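Here's the structure we're looking at; comments come further down.
Counting from 1, the numbers follow the sequence of the chain as shown. Computed from a prediction, not measured in an experiment: that's the story for all the values here.
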Amino acid sequence: PRKKKKEHKIDTQCRKGRTYQDFQTFMGEDPWPVVEMDSVIGTIGGKVILSLYFQESSMLFLFLRERNTAKSVIDLFDRLDHVLGRDRFRRLFPVLLTDNGSEFSNPKAIEFDGEGQRRTRIYYCDPGTPNQKPGVEGAHKHLRRILPRGTSFDQLTQDDVNLVMGHVNGFPRKRLN
């Protein structure tokens with residue numbers, strides 16, 4: 001029997017107009033604050049952490065999610081938009097820069113609310129280039145000191161993740177003196 005073709009979880013058309021080159025063009029016109037976004041996976045199929053790294057302040061936010069799905073990311077941004085209010089949300093998250101993970105494969109649902117109002121912009125790094133979002137990758141190195149690769153996150157609560165976040169954010173940085 002012939003092997004089945006792998007199903008693509010990602011609609012590659014969603015990247016049109018959102019590439020790293022598009023990001024550089026957009027930022028060149030009038031620089032905006034950028035938030036780097038990534039997922040930290042514990043064990044496959046278990047809970048995951050969404051990390052949001054604010055470049056200007058080197059602040060890292062961590063959110064525990066039950067599954068590594070696009071819906072869980074969209075639900076989180078919907079909740080942040082509701083809790084923060086639209087004006088504050090737009091000031092905090094004007095531009096998101098992320099990798100090509102399947103959990104970020106529905107950019108329109110992240111960029112726009114249910115009524116079609118824009119709340120943010122999302123851009124994707126080139127595949128295999130973690131140096132395009134170095135802040136969040138560096139923060140993950142500190143995070144992995146506390147939660148080593150292969151550690152299950154299934155027993156963690158958001159309070160546990162908040163404690164980890166406090167430790168990572170409290171780490172002295174030369175950049176911040």
**Report entry** Student check: side-chain heavy atoms of F77 and L96 closer than 4.5 Å
**Finding:** yes
Query raised in the report: Closest heavy-atom contact between D154 and K47?
Result: OD1-N, 2.8 Å
Query raised in the report: Going hydrophobic residue to hydrophobic residue with side-chain gaps under 4.5 angstrom, can you get from F26 over to F54?
Result: no
Query raised in the report: Heavy atoms, side chains only, cut-off 4.5 Å: are I49 and R65 in contact?
Result: no
Query raised in the report: Are side-chain heavy atoms of Q132 and D126 found at a separation under 4.5 Å?
Result: yes
Query - Least distance between heavy atoms, G17 atom then Y123 atom - result: O-CE2, 3.7 Å
Report summary line: For A109 and I74 the tightest heavy-atom approach is CB-CD1, 3.4 Å
Report summary line: R86 meets the salt bridge (charged side-chain N to carboxylate O under 4.0 Å, His left out) criterion, sequence neighbours left out, with D81, D113
Report summary line: By salt bridge (charged side-chain N to carboxylate O under 4.0 Å, His left out), K71 pairs with (sequence neighbours left out) D75
Report task. Side-chain contact test, heavy atoms from C-beta onward, threshold under 4.5 Å: evaluate it for L80 versus F93 and give yes or no. Result -> yes
Query raised in the report: Quick one: are Y124 and P107 in side-chain contact, heavy atoms under 4.5 Å?
Result: yes
Report task. In sequence, state the C-alpha distance, the side-chain angles, and the governing distance for S39 and E103, and then conclude on side chain to side chain donor-acceptor pair (under 3.5 Å). Result -> CA-CA 8 Å; S39 290; E103 66 272 28; 2.7 Å; yes
Query raised in the report: About how many Å separate CE of M27 and CH2 of W32, when rounded to the nearest 0.5 Å?
Result: 9.0 Å
Query raised in the report: Are V34 and F61 joined in one hydrophobic group, where the rule is that I, L, V, M, F, W and Y side chains link up if heavy atoms are under 4.5 Å apart?
Result: no
Query raised in the report: Between R79 and F63, what is the shortest heavy-atom contact and its length?
Result: NH2-CD2, 4.4 Å
Query - Approximate separation, where rounding is to 0.5 Å, of E36 CD and C125 SG - result: 7.5 Å
Query raised in the report: Under 4.5 Å between any side-chain heavy atoms of R15 and N100, yes or no?
Result: yes
Report task. Over all heavy atoms of both residues, which pair between A70 and S105 is shortest? Give the atoms and the distance, please. Result -> CB-OG, 4.2 Å
Report task. Start with the C-alpha distance between M37 and D99, add both sets of side-chain angles, then the distance that settles side-chain contact (heavy atoms from CB on, under 4.5 Å), and finish with yes or no. Result -> CA-CA 8 Å; M37 178 168 63; D99 59 23; over 6 Å; no
Report task. State yes or no: are the ring centers of F23 and Y20 separated by less than 6.0 Å? Result -> yes
Query - Short side-chain to backbone donor-acceptor contact, S72 and R67, under 3.5 Å - result: yes
Query - No-hydrogen, no-angle side-chain donor-acceptor test under 3.5 Å, T19 and D22 - result: yes
Requested in this report: Drop me the distance from M165's CE to L52's CG, to the nearest 0.5 angstrom.
Outcome: 10.0 Å
Report task. Any chance you could measure M59, atom CE, to E56, atom CD, to the nearest 0.5 Å? Result -> 12.0 Å
Query raised in the report: How about L62 and L60: do any of their side-chain heavy atoms sit closer than 4.5 Å?
Result: yes
Report task. Using a 4.5 Å cut-off on heavy atoms from C-beta on, say whether the side chain of V35 contacts that of V95. Result -> no
Query raised in the report: Got a sec, which residues hit salt bridge (charged side-chain N to carboxylate O under 4.0 Å, His left out) with D78, two or more places apart in sequence or on another chain?
Result: R119
Query raised in the report: Should we say atom CZ of R90 is surrounded by more than 12 heavy atoms from elsewhere, each under 6.0 Å from it?
Result: yes
Report summary line: Taking every heavy atom of R149 against every heavy atom of R144, the minimum-distance pair comes out as CA-NH1, 3.4 Å
Query raised in the report: Does the pair Y53 and S58 meet the rule for a side chain to side chain donor-acceptor pair (under 3.5 Å), with working shown?
Result: CA-CA 7 Å; Y53 180 83; S58 299; 3.2 Å; yes
Query raised in the report: Who else is in I41's hydrophobic cluster (ILVMFWY, side-chain heavy atoms under 4.5 Å, direct or via others)?
Result: V48
Report summary line: CD of Q24 to CD of Q21, rounded to nearest 0.5 Å, is 7.0 Å
Query raised in the report: How many angstroms lie between OG1 in T157 and CG in L163, if you round to the nearest 0.5 Å?
Result: 9.5 Å
Tell me which donor-acceptor pairs under 3.5 Å the side chains of residues 134-142 have, and how far apart each pair is, sequence neighbours excluded?
unit_1, atom_1, unit_2, atom_2, d
E137, OE2, K133, NZ, 2.6
H140, NE2, S51, OG, 2.7

Query - Co-members of F112 in a cluster of I, L, V, M, F, W and Y side chains, linked at under 4.5 Å - result: none
